[in-house]
Student: 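Provided herewith is a single structure, encoded as structure tokens, for subsequent inquiry.
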Amino acid sequence: MARYTINYLTGHEETIEAKYIEPSGSQYIGWAGDGSACAYIPIANVLSVVRLADETTTKAVGA
């Protein structure tokens, strides 16, 4: 699963793990790999949704 940082209008942020996130009506839904919903996020409170780099493909400098 991927990791996403949710930035809220209040300045707070949280990181969630989901296969993908999609908008649905008045909220974003984070979907787990088995097809179940793992997060519900009200769209009105969100500034941005950012997918973080996959740690398995990130290399250290000089490696």
Student: Taking C-beta and beyond as the side chain, do T10 and N45 meet within less than 4.5 Å on heavy atoms?
Tutor: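 They are not in contact (no side-chain heavy atoms under 4.5 Å apart), so the answer is no.
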Student: Within the structure provided, determine whether Y4 and V50 are in side-chain contact (heavy-atom separation under 4.5 Å).
Tutor: no
Student: Go through the structure and list residues passing side-chain contact (heavy atoms from CB on, under 4.5 Å) with V46, not counting sequence neighbours.
Tutor: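 Here the qualifying residues are I6, Y8, Y28, I41, V49.
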Student: Throw together a table of side-chain donor-acceptor distances under 3.5 angstrom for residues 15-26, partners on residues two or more places apart or in other chains.
Tutor:
| from | atom 1 | to | atom 2 | distance (Å) |
| --- | --- | --- | --- | --- |
| E22 | OE2 | W31 | NE1 | 3.1 |

Student: What residues form a side-chain hydrogen bond (donor to acceptor under 3.5 Å, both in side chains) with T5, not counting sequence neighbours?
Tutor: none
Student: Hey, quick one: are I29 and I43 part of the same hydrophobic cluster, counting side-chain heavy atoms closer than 4.5 Å, chains of contacts allowed?
Tutor: yes
Student: How long is the gap from NE2 on H12 to CG on L47, to the nearest 0.5 Å?
Tutor: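 Interatomic distance, H12 NE2 to L47 CG, rounded to 0.5 Å: 13.5 Å.
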Student: Testing the basics here: between L9 and A44, what is the closest heavy-atom pair and its distance to 0.1 Å?
Tutor: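 Looking at all heavy atoms of both residues, the shortest contact is CD1-O, 3.2 Å.
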